[in-house]
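The structure appears right after this line, and notes come after that.
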Amino acid sequence: VATFSDITEKKKADEIIWKQANYDSLTNLPNRRLFDDRLKHEIKIAHRSKKLLALLFIDLDYFKHVNDNHGHEIGDMLLISVAERISETLRATDTVARIGGDEFAAILPQMENENDIGKVAKLIIKKLSIPFELSGININISASVGISIYPKNAFGAKDLLKFADKAMYKAKKEGRARISFF
């Protein structure tokens, strides 16, 4: 006697649940949960390889003005476009995630030196400063980027994120649209 059952629907449902738990529904980027997991994994690899790992904390400058002046629909379209531009700027081995409203973070593993890290961060700022054309509206924004480095600044994921966040606030204080190393 044999019993057969089709588990296709259950597998599809499991995939949907996993994606909802790990990806941002608006941008389709990893969310904070998956980002934290990837960061911990990349730290282990960096420890073994003795290469630098950079954590970039990217915050959009004056994003609230976009929502206030053009509405949340345009704001959402802007977030999607920002996610695409950041993703296009990074290597396939890098991870970019949306970790909050207008906050993004990127993991740059296997970096040779701080100069290369700074070049990537400046390129992100440059790409985000190009006007966005959304539903016939030109939107100009900028971004502030804070950077922390493993093992120079911290050994753990929590501290790397905290220090990159602090560096980002320093960049905002110094005039926005700039990078700041912790």
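The first residue of the sequence shown is numbered 1, and numbering continues consecutively from there. Note that the structure is predicted; figures quoted are calculated from it, not measured.
- V82 places a side-chain heavy atom less than 4.5 Å from the side chain of I141.
- For the atom pair CD1 of I147 and CD of E114, the computed distance is 8.5 Å after rounding to the nearest 0.5 Å.
- Looking at heavy atoms from C-beta onward, N153 lies out of side-chain contact with F181 at the 4.5 angstrom threshold.
- Applying the ring-ring contact (aromatic ring centres under 6.0 Å, His included) rule to H65 yields the partners Y62; only residues at least two apart in sequence or on another chain are considered.
- Between Y150 and F155, the ring planes lie perpendicular to each other; the angle is over 60°, past the 30° to 60° tilted range.
- Proximity of Q110 to T93: side-chain heavy atoms (C-beta onward) are nowhere separated by under 4.5 Å.
- Here the CD1 atom belonging to I86 is positioned 11.0 Å from the CG atom belonging to L123, to the nearest 0.5 angstrom.
- Taking both residues in full, the closest heavy atoms of S135 and M77 are given as OG-CE, 3.3 Å, listed atom of the first, atom of the second, then distance.
- F104 and L53 are not part of a single hydrophobic cluster, where members link through side-chain heavy atoms under 4.5 Å apart.
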Item to check | Worked verdict on D159 versus K162 for salt bridge (Lys or Arg N to Asp or Glu O under 4.0 Å) | outcome: CA-CA 5 Å; D159 285 339; K162 179 173 73 173; 3.7 Å; yes
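- One hydrophobic cluster holds both F57 and L55 under the rule that ILVMFWY side chains link at heavy-atom gaps under 4.5 Å.
- Taking all atoms of both residues into account, the shortest heavy-atom contact from Y23 to N28 is CD2-O, 3.4 Å.
- Smallest separation of non-hydrogen atoms from F35 and A97: CD1-CB, 3.5 Å.
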Next on the checklist: Using the rule given for salt bridge (Lys or Arg N to Asp or Glu O under 4.0 Å), can you reason through E88 versus K127, listing the C-alpha separation, both sets of side-chain angles and the distance that settles it, and then say yes or no?
Outcome noted: CA-CA 10 Å; E88 291 166 359; K127 294 250 181 144; 5.6 Å; no
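- The NZ atom of K119 lies 9.5 Å from the CE atom of M111; values are rounded to the nearest 0.5 Å.
- For the pair N31 and A21, the tightest heavy-atom approach, listed with the atom from each and the gap, is ND2-O, 2.9 Å.
- Here the side chains of I149 and F182 are not in contact, with every heavy-atom distance at 4.5 Å or above.
- For the pair L128 and R85, the minimum side-chain heavy-atom distance is below 4.5 Å.
- Linking ILVMFWY side-chain heavy atoms closer than 4.5 Å, directly or via other members, places L29 and F132 in a single hydrophobic cluster.
- With rounding to the nearest 0.5 Å, the separation of NZ in K152 from CG in L52 is 9.0 Å.
- Applying the salt bridge (Lys or Arg N to Asp or Glu O under 4.0 Å) rule to pairs touching residues 132-142 yields nothing, sequence neighbours excluded.
- Checked against D61 for a salt bridge (charged side-chain N to carboxylate O under 4.0 Å, His left out), the options K172, K173, R178 give a single hit: K172.
- The side-chain heavy atoms of D102 and K64, taken from C-beta on, include no pair separated by under 4.5 Å.
- Under a hydrophobic clustering in which Ile, Leu, Val, Met, Phe, Trp and Tyr are joined whenever their side-chain heavy atoms come within less than 4.5 Å, directly or via other members, I137 and I80 fall into the same cluster.
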Next on the checklist: Apply salt bridge (Lys or Arg N to Asp or Glu O under 4.0 Å) to residues E112 and K51 and explain how you reach the verdict.
Outcome noted: CA-CA 6 Å; E112 293 295 327; K51 297 271 187 170; 2.4 Å; yes
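- Each of I124 and I107 belongs to its own hydrophobic cluster when Ile, Leu, Val, Met, Phe, Trp and Tyr are linked at side-chain heavy-atom distances under 4.5 angstrom.
- Listed here is the closest heavy atom pair of S144 and M168: O-CG, 3.5 Å.
- In this structure, the separation between CD on E103 and CG on D59 is 5.0 Å, given to the nearest 0.5 Å.
- More than 12 heavy atoms of other shown residues, nucleotides or ligands fall within 6.0 angstrom of atom CD in E174.
- Residues L60 and L79 have side chains in contact (heavy-atom distance under 4.5 Å, counting atoms from C-beta outward).
- To the nearest 0.5 Å, atoms CD1 (I117) and CG (L108) are separated by 7.0 Å.
- At least one side-chain heavy atom of I43 sits under 4.5 Å from a side-chain heavy atom of L160.
- Between A177 and I125, the shortest heavy-atom distance links the atoms O-CG2, 3.9 Å.
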